[in-house]
Asks: 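There's a structure below that I have some questions on.
When a ligand or atom number is given, it counts from 1 through the structure's own listing order.
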Amino acid sequence: MKKLSLVAGLTLALFVAGCSSDETGGDTGTGSIGEQLDYTITGIDAGAGIMAAAEEVIEQYGLDEYTLQPSSDAAMTSALDNAIRNEEAIVVTGWTPHWKFAKYDVKYLKDPKGVFGEAEQIHTFARLGLDADLPEAYEVLSNFHWEQEHMGAIMIEVNEGKAPEVAAAEWVENNQDIVSAWTDGVQPVDGEAITLSFVAWDSEIASTHMIGKVLEDLGYDVTLTPLEPGPLWASIATGAADAMVSAWLPGTHAAYLEDYEDEIVDLGVNLEGAKIGLVVPSYMDIDSIEDLLE
Ligand code: PBE
């Protein structure tokens with residue numbers, strides 16, 4: 001039975017692949033890669049680290065004719081969705097973990113000059129004095145460390161339409177073995193207020209709602225505040241927010257860290273092996289950022 005369905009699945013896959021190349025082959029357009037792309041890189045919010053990195057890529061690879069179009073995570077993924085439906089050329093600023101790699105057949109363009117850097121880690125940062133003011137939260141936030149697949153599981157649920165607080169709560173409930181490693185031995189609290197700031201990137205929506213729920217279960221009155229990237233870092237430095245779990249280092253947010261280093265506390269890495277780059281649908285016949293010059 002298993003074997004049969006595998007064969008059927010393969011046949012279907014071949015059939016679909018066959019159809020699409022017959023019917024839509026050439027829809028990626030004629031002309032140079034640049035022309036097909038309208039010399040546009042679809043970006044996200046202007047203050048995101050990946051936008052600064054992509055501007056650097058344009059400069060270092062001599063992609064002078066290209067424009068980096070700012071938008072948002074939501075607008076970028078909807079442009080990607082639209083292009084893939086029509087099998088058109090598109091290049092976006094992309095990162096991992098992100099549900100787009102589960103949902104679509106997309107690939108990173110190679111970055112031989114290494115402008116986007118190697119693997120990134122996501123760090124947790126707190127405001128000065130949080131350890132004294134909210135020691136239980138400080139401990140949980142310091143302990144917080146999870147895997148890409150965990151963040152990915154919440155992201156996919158949210159992408160499929162679940163409210164972030166619901167997807168996060170379900171994940172926390174179903175993964176008490178992981179959560180308890182962060183909360184073991186930490187005393188419950190009695191309604192103290194804590195504010196976590198974040199940016200509405202899908203990855204950070206998932207992580208912030210998840211850790212917010214963990215703190216709520218411990219007894220905190222949790223407020224989640226969405227901000228732009230600059231204000232996110234400033235909120236921790238000024239103490240307007242207590243903590244954030246959205247700092248991509250060593251590369252993506254290096255400039256923000258440099259600005260605020262002395263006014264914030266690094267509670268360590270909460271996720272490893274993150275990555276940023278330029279992402280295209282796999283049907284595009286290019287492999288490297290250099291191919292954008294073709
Ligand atoms: N990101 C997701 C962010 C960090 C998290 C890659 C879009 C950025 O570029 O700043």
Side-chain angles (χ1 to χ4, degrees), residues 41-58 68-80 91-104 106-109 111 114-125 144-148 150-152 154-156 158-159 164 196-211 224-237 241 243-260 264 266 269-280 289:
I41 298 170
T42 303
I44 57 166
D45 29 314
I50 199 173
M51 293 295 278
E55 289 292 2
E56 187 62 27
V57 159
I58 288 177
L68 177 62
Q69 184 71 49
S71 65
S72 64
D73 186 357
M76 175 273 286
T77 49
S78 110
L80 182 64
V91 56
V92 303
T93 54
W95 64 95
T96 319
H98 196 285
W99 54 265
K100 60 184 169 291
F101 291 95
K103 184 158 176 181
Y104 307 117
V106 292
K107 62 185 178 189
Y108 278 105
L109 292 180
D111 174 18
V115 180
F116 282 118
E118 298 298 315
E120 294 270 282
Q121 290 97 39
I122 308 180
H123 290 237
T124 302
F125 277 87
F144 166 41
H145 181 286
W146 65 347
E147 306 296 330
Q148 297 203 28
H150 303 140
M151 184 195 254
I154 299 178
M155 255 191 280
I156 286 171
V158 174
N159 174 248
L196 304 178
S197 49
F198 69 109
V199 180
W201 298 311
D202 290 314
S203 35
E204 279 54 41
I205 289 172
S207 55
T208 308
H209 281 81
M210 188 286 299
I211 200 70
L224 306 184
T225 307
L227 295 170
E228 294 298 314
L232 167 79
W233 283 80
S235 72
I236 306 303
M244 59 105 149
V245 295
S246 323
W248 284 48
L249 296 167
T252 311
H253 293 155
Y256 288 123
L257 179 61
E258 207 174 301
D259 283 350
Y260 295 115
I264 55 182
D266 187 353
V269 172
N270 64 56
L271 184 141
E272 299 177 66
K275 180 176 163 68
I276 62 171
L278 292 184
V279 171
V280 299
I289 294 172

Asks: Starting from atom 9 (O) of ligand 1, which protein heavy atom do you reach first, and at what distance in Å?
Replies: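 Protein heavy atom at minimum distance: Ile50 N, 2.8 Å.
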Asks: So, do Phe198 and His209 sit near enough that their side-chain heavy atoms are less than 4.5 Å apart?
Replies: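 SC-SC contact between Phe198 and His209 confirmed.
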Asks: What is the nearest protein non-hydrogen atom to atom 7 (C) of ligand 1, stated with its residue, atom name and distance?
Replies: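 Residue, atom and distance for the closest contact: Ile44 CD1, 3.3 Å.
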Asks: If you take the nearest heavy atom of each of Tyr256, Phe198, Trp248, which one is closest to atom 5 (C) of ligand 1?
Replies: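 Answer by nearest heavy atom: Trp248.
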Asks: Can you tell me if His253 has a non-hydrogen atom under 4.0 Å from ligand 1?
Replies: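 Contact check His253 vs ligand 1: positive.
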Asks: Considering non-hydrogen atoms of the protein only, which is the closest contact for atom 8 (C) of ligand 1, and what is the distance?
Replies: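 Protein heavy atom with the smallest distance to atom 8 (C) of ligand 1: Gly49 N, 3.4 Å.
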Asks: Can you list the ligand 1 atoms lying under 4.0 Å from a non-hydrogen atom of Ala48?
Replies: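 Those of ligand 1 that fall under 4.0 Å from Ala48 are 8 (C), 9 (O), 10 (O).
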Asks: Heavy atoms, side chains only, cut-off 4.5 Å: are Gln69 and Met76 in contact?
Replies: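 Answer no - side chains too far apart.
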Asks: Counting each atom of ligand 1 from 1 as listed, which ones have a heavy atom of Glu204 under 4.0 Å away?
Replies: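 Answer, ordered by atom number: 2 (C), 5 (C).
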Asks: Under 4.0 Å from a heavy atom of Thr252: which atoms of ligand 1 are those, numbered in the order shown and with their elements?
Replies: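 In order of numbering, the contacting atoms are 8 (C), 9 (O), 10 (O).
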Asks: Angle between ring planes, Trp99 versus Tyr104, binned at 30° and 60°: parallel, tilted or perpendicular?
Replies: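 Plane angle between 30° and 60°, so tilted.
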Asks: If I take atom CG from residue Asn270 and atom CE from residue Met210, how far apart are they, to the nearest 0.5 angstrom?
Replies: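 Going from the CG atom of Asn270 to the CE atom of Met210 covers 8.0 Å.
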Asks: Side chains of Thr93 and Ile41, heavy atoms from C-beta outward: is any pair under 4.5 Å?
Replies: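 Touching, per the 4.5 Å side-chain cut-off.
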Asks: Please list, in number order, the atoms of ligand 1 under 4.0 Å from a heavy atom of Ile276.
Replies: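 Answer, ordered by atom number: 6 (C).
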Asks: Could you check whether Lys275 makes a cation-pi contact with Trp248, meaning its NZ or CZ is under 6.0 Å from the centre of the six-membered ring and within 45° of the ring axis?
Replies: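 Not satisfied by the 6.0 Å and 45° rule.
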Asks: Closest approach of Ala119 and Gly273, non-hydrogen atoms and distance?
Replies: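 Shortest heavy-atom contact: CB-CA, 4.2 Å.
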